[in-house]
Participant: 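Can you keep this structure in mind? I'll have questions shortly.
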Amino acid sequence: MERVNSTLLTEFILTGIPYPFRLRIFLFVFFLLIYILTQLGNLLILITVWVDVQLHAHPMYIFLGVLSIIDMAISTIIVPRFMMNFTSSITPISFGGCVTQLYFYHFLGSTQCFLYTLMAYDRYLAICRPLHYPVLMNAKLSTLLVAGAWVAGSIHGALQAILTFRLPYCGPNQVEYFFCDIPAVLRLACADTTVNELVTFVDIGVVVASCFSLILLSYIQIIRAILRIRTADGRRRAFSTCGAHVTVVTVYYVPCAFIYLRPETNNPLDGAAALFPTAITPFLNPIIYTLRNQEVKLALKRMLGGRGTKSQV
C-alpha cells in the first residue's frame, strides 16, 4: 500500500503473529480457554483475598488482590482482540481504539512493575524486620502505596500514548503485531521516530531497570536473612512466602526486557515474547500463587468449607 501523505489513517489492521493455518481453530479455542481460565482464576484469588479475614487485612494479599485486577484487565484488552486473528474475517481497529489499547497496556503494565516492587519490599520487611513489620507496613500504608502505583502507571501510559500518536499516520495501516504496541505502531508513522524511540527506550528502561534492581536488592537481603534462620522449617516457610513472587517476576520481566530493552528490530520472536506479559503471565499468576503460597491454599480451603489452620506470616 502506498503512503498518501494528504490522508491520515482512521483505522489500523492488526496482522497478528504467523501461525500454521491448519491450527486456526485449535489456537482460537486454546486462547479462548486461556482467557476464560485467566478471568476465573484471578477472580477466585480476588474473592478469596476479599472474603478471608486473615488475608484481606494483610498488606501482601492486598497487593495480590490488586495484581489479580491488573491481570484480568490486561488479558481483557489484549486477548479477545488477538483471538480475532484466528477467525476468517479481518476486523480493523479504529484509531481511537488503537490509542486506548496502547495506553491501557502501558498503564497497567507499568503499574504491575511497581506492584511487583512493592510486593518484594513487603517480603523484605516481613522477613528481615519482622518486629517492625506491623509499623512499617500496615493496611493504610499499603493502600497509599497501591494508589501511588496506579497514579505513576497512568502517567507512564499517558506519556507513551501521547508521544506515539502525536506523529502523523498516513499509511500503510497494517500493524505487524497482534495489538497496538509502540514499536509496531511507530513503523507506520509518516515522520522521523528517532526521538520517540529514544524516549521509549529510556522511559521503559528506567521503569523496568529501577523496579528490577529494587526487587533484586530486596531478595539479596531476604536470602541473607533466610540463611541465618536456624531451623529447616523456618527456612522453608520463609522461602514459600517468596517463591511465588520470584517466579511471576521472572516470567514477567524477561520477555519485557527482550521486547523493549534492545535495538529496534522486526523480529518474529517479539510477538511470541509479548504473549507472556499479555496472556500467559495473567493466566499463570493465580496458579502459581495457589500452588506455591501456603496461606492462599489454606484460605481457599476455609472459603470452600474445608478445614484449615490459621495463616502464618
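Here the structure is a predicted model, which is why all the values come from computation and not from measurement. Sequence positions, counted from 1, serve as the residue numbers for this chain.
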Participant: Give a yes or no on whether Tyr177 atom OH has more than 12 heavy-atom contacts from other residues, nucleotides or ligands under 6.0 Å away.
Facilitator: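 More than 12 within 6.0 Å, yes.
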
Participant: Does Ile34 form a side chain to side chain contact (heavy atoms under 4.5 Å, CB included) with Val79? I'd like the steps, not just the answer.
Facilitator: CA-CA 9 Å; Ile34 287 289; Val79 177; 5.6 Å; no

Participant: Rounded to the nearest 0.5 Å, what separation is found between the OH atom of Tyr35 and the CD1 atom of Ile78?
Facilitator: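 Output value for this atom pair is 11.5 Å.
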
Participant: Is there a side-chain contact between His156 and Val151, using heavy atoms and a 4.5 Å cut-off?
Facilitator: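 Answer no - side chains too far apart.
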
Participant: Quick check for you: to the nearest 0.5 Å, what is the distance between Arg123 atom CZ and Met137 atom CE?
Facilitator: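 The CE atom of Met137 is 9.5 Å from CZ of Arg123, to the nearest 0.5 Å.
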
Participant: Between Thr193 and Ala189 (side chain of the first, backbone of the second, donor and acceptor by atom type, cut-off under 3.5 Å), is there such a pair?
Facilitator: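 Looks like no, no N/O pair under 3.5 Å.
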
Participant: Do you reckon Leu43 sits in the same ILVMFWY cluster as Ile62, going by side-chain contacts under 4.5 Å, direct or chained?
Facilitator: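 In one cluster with Leu43: Ile62, no.
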
Participant: Would you say Arg24 has more than 12 foreign heavy atoms packed within less than 6.0 Å of its CZ?
Facilitator: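 Yes, because the 6.0 Å sphere around CZ of Arg24 holds more than 12 heavy atoms from other groups.
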
Participant: More than 12 heavy atoms of other residues, nucleotides or ligands under 6.0 Å from CG of Leu144: is that the case?
Facilitator: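 Correct, the count exceeds 12.
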
Participant: Membership question, hydrophobic clusters at under 4.5 Å side-chain separation (ILVMFWY): are Val99 and Leu163 in the same one?
Facilitator: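 No, no single cluster joins them.
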
Participant: Side-chain contact, heavy-atom cut-off 4.5 Å: Leu115 with Val66?
Facilitator: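 Yes, side chains in contact.
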
Participant: Any side-chain heavy atom of Leu214 within less than 4.5 Å of one from Tyr121?
Facilitator: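 Leu214 vs Tyr121: side chains apart.
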
Participant: Please tell me whether Phe31 and Phe82 form a close aromatic pair, meaning their ring centres lie under 6.0 Å apart.
Facilitator: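 Between Phe82 and Phe31, which both carry aromatic rings, the centre distance is below 6.0 Å.
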
Participant: Determine whether Met84 and Ile13 fall in the same hydrophobic cluster, where Ile, Leu, Val, Met, Phe, Trp and Tyr are linked whenever their side-chain heavy atoms lie under 4.5 Å apart.
Facilitator: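 Shared cluster, no.
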
Participant: Using the ring-ring contact (aromatic ring centres under 6.0 Å, His included) definition, which of the options Phe21, Tyr19, Phe30 pairs with Phe86?
Facilitator: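 When Phe21, Tyr19, Phe30 are each tested with Phe86, the ring-ring contact (aromatic ring centres under 6.0 Å, His included) holds only for Tyr19.
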
Participant: Inspect the surroundings of CZ in Phe276 and state if more than 12 heavy atoms from other residues, nucleotides or ligands are less than 6.0 Å away.
Facilitator: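 Open: at most 12 neighbouring heavy atoms sit under 6.0 Å from CZ of Phe276.
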
Participant: Considering non-hydrogen atoms only, spot the tightest contact between Tyr219 and Ala120 and give its length.
Facilitator: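 Answer, listing the atom of Tyr219 first, then Ala120: CE1-CB, 3.9 Å.
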
Participant: So, the side chain of Ser142 versus the backbone of Ala139: is there a donor-acceptor pair under 3.5 Å, distance only?
Facilitator: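 Yes, the answer is positive, given that a donor and an acceptor are paired below the 3.5 Å cut-off.
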
Participant: Does some side-chain heavy atom of Trp150 sit less than 4.5 Å from a side-chain heavy atom of Leu108?
Facilitator: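 They are in contact (side-chain heavy atoms under 4.5 Å apart), so the answer is yes.
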
Participant: Looking only at heavy atoms, which two atoms of Asn173 and Glu11 are closest? And how far apart?
Facilitator: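 So the minimum-distance heavy-atom pair works out to CB-O, 3.5 Å.
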
Participant: For Ile93 and Arg81, which heavy atoms make the closest approach, and how far apart are they?
Facilitator: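 So the minimum-distance heavy-atom pair works out to N-NH2, 3.4 Å.
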
Participant: Once the angle between the rings of Phe165 and Tyr169 is folded into 0 to 90°, is it parallel (under 30°), tilted (30 to 60°) or perpendicular (over 60°)?
Facilitator: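 If you compare the ring of Phe165 with that of Tyr169, the planes turn out tilted.
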
Participant: Would Leu14 and Cys180 count as a side chain to side chain contact (heavy atoms under 4.5 Å, CB included) here? Give the steps.
Facilitator: CA-CA 8 Å; Leu14 301 174; Cys180 289; 4.0 Å; yes

Participant: Say you draw a straight line from CG of Leu44 to CG of Leu37; how long is it, rounded to the nearest 0.5 Å?
Facilitator: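 Going from the CG atom of Leu44 to the CG atom of Leu37 covers 11.5 Å.
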
Participant: Where is the tightest heavy-atom contact between Tyr105 and Pro277, given as atom of each residue plus distance?
Facilitator: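 Minimum heavy-atom separation between Tyr105 and Pro277: OH-CG, 3.8 Å.
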
Participant: Please evaluate residues Phe178 and Thr15 with respect to the criterion side chain to side chain contact (heavy atoms under 4.5 Å, CB included), reporting the C-alpha separation (whole Å), side-chain torsions for both, the decisive distance (0.1 Å), and the verdict.
Facilitator: CA-CA 6 Å; Phe178 64 93; Thr15 62; over 6 Å; no

Participant: Give, for atom CG of Leu131 and atom CG of Leu125, the distance between the pair rounded to the nearest 0.5 Å.
Facilitator: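 That separation rounds to 12.0 Å.
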
Participant: Show your working on side-chain hydrogen bond (donor to acceptor under 3.5 Å, both in side chains) between Asp122 and Tyr133 and close with a plain yes or no.
Facilitator: CA-CA 9 Å; Asp122 176 85; Tyr133 179 81; 2.5 Å; yes

Participant: Check each of Thr38, Thr76, Asn285 against Asp71 using the side chain to side chain donor-acceptor pair (under 3.5 Å) test, and report the only one that passes.
Facilitator: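 The single option meeting the side chain to side chain donor-acceptor pair (under 3.5 Å) with Asp71 is Asn285.
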
Participant: Is there a side chain to side chain contact (heavy atoms under 4.5 Å, CB included) between Ile226 and Ile127? Walk through the geometry before answering.
Facilitator: CA-CA 8 Å; Ile226 289 176; Ile127 294 173; 4.1 Å; yes

Participant: Nearest 0.5 Å, what's the CG-CG distance between Leu167 and Asn196?
Facilitator: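 Between atom CG of Leu167 and atom CG of Asn196 there are 4.5 Å.
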
Participant: Once rounded to the nearest 0.5 Å, what's the spacing between atom CZ of Phe107 and atom CD1 of Ile74?
Facilitator: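 Phe107 atom CZ to Ile74 atom CD1 measures 10.0 Å (nearest 0.5 Å).
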
Participant: Is Leu159 close to His106 at the side-chain level, that is, under 4.5 Å between some pair of heavy atoms?
Facilitator: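 Sidechains of Leu159 and His106: no contact.
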
Participant: Find out whether Cys98 and Val185 are in side-chain contact, i.e. whether some heavy atom of one side chain is under 4.5 Å from a heavy atom of the other.
Facilitator: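 Yes, side chains in contact.
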
Participant: Indicate, with yes or no, if Phe63 and Ile69 share a hydrophobic cluster defined by side-chain heavy-atom contacts under 4.5 Å among Ile, Leu, Val, Met, Phe, Trp and Tyr.
Facilitator: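 Each belongs to a different hydrophobic cluster.
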
Participant: Testing the basics here: between Val146 and Leu118, what is the closest heavy-atom pair and its distance to 0.1 Å?
Facilitator: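 Here Val146 and Leu118 meet closest at N-CD1, 4.2 Å.
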
Participant: Does Arg22 CZ have over 12 foreign heavy atoms under 6.0 Å away?
Facilitator: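 For Arg22, atom CZ is not crowded (no more than 12 foreign heavy atoms under 6.0 Å).
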
Participant: Would a distance-only check, ignoring hydrogens and angles, find a side-chain to backbone donor-acceptor pair under 3.5 Å from Asp181 to Ala184?
Facilitator: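 Checked: no pair found.
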
Participant: With a 4.5 Å limit on heavy-atom distance, are the side chains of Ile17 and Leu275 in contact?
Facilitator: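 Yes, close enough: below the 4.5 Å cut-off.
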
Participant: So if you build clusters from Ile, Leu, Val, Met, Phe, Trp, Tyr with side-chain heavy-atom gaps below 4.5 Å, do Ile223 and Val246 land together?
Facilitator: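 Hydrophobic grouping puts Ile223 apart from Val246.
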
Participant: So that I can confirm a possible disulfide, could you see if the SG-SG distance for Cys113 and Cys211 falls below 2.5 Å?
Facilitator: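 The sulfur gammas are not closer than 2.5 Å, so no.
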
Participant: Does Phe114 have its ring centroid less than 6.0 Å away from the ring centroid of Tyr116?
Facilitator: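 Aromatic pair excluded; centres sit 6.0 Å or further apart.
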
Participant: If we only count heavy atoms from C-beta on, is the Leu217 to Gln221 side-chain gap below 4.5 Å?
Facilitator: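 Side-chain contact under 4.5 Å: no.
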
Participant: Check Thr111 against Gly153 and note the closest heavy-atom contact, atom names and distance.
Facilitator: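 Distance-wise, the nearest heavy atoms are OG1-CA, 3.4 Å.
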
Participant: Could you go step by step and tell me if Asp203 and Gln160 meet the side-chain hydrogen bond (donor to acceptor under 3.5 Å, both in side chains) rule?
Facilitator: CA-CA 9 Å; Asp203 184 30; Gln160 294 299 333; 2.5 Å; yes

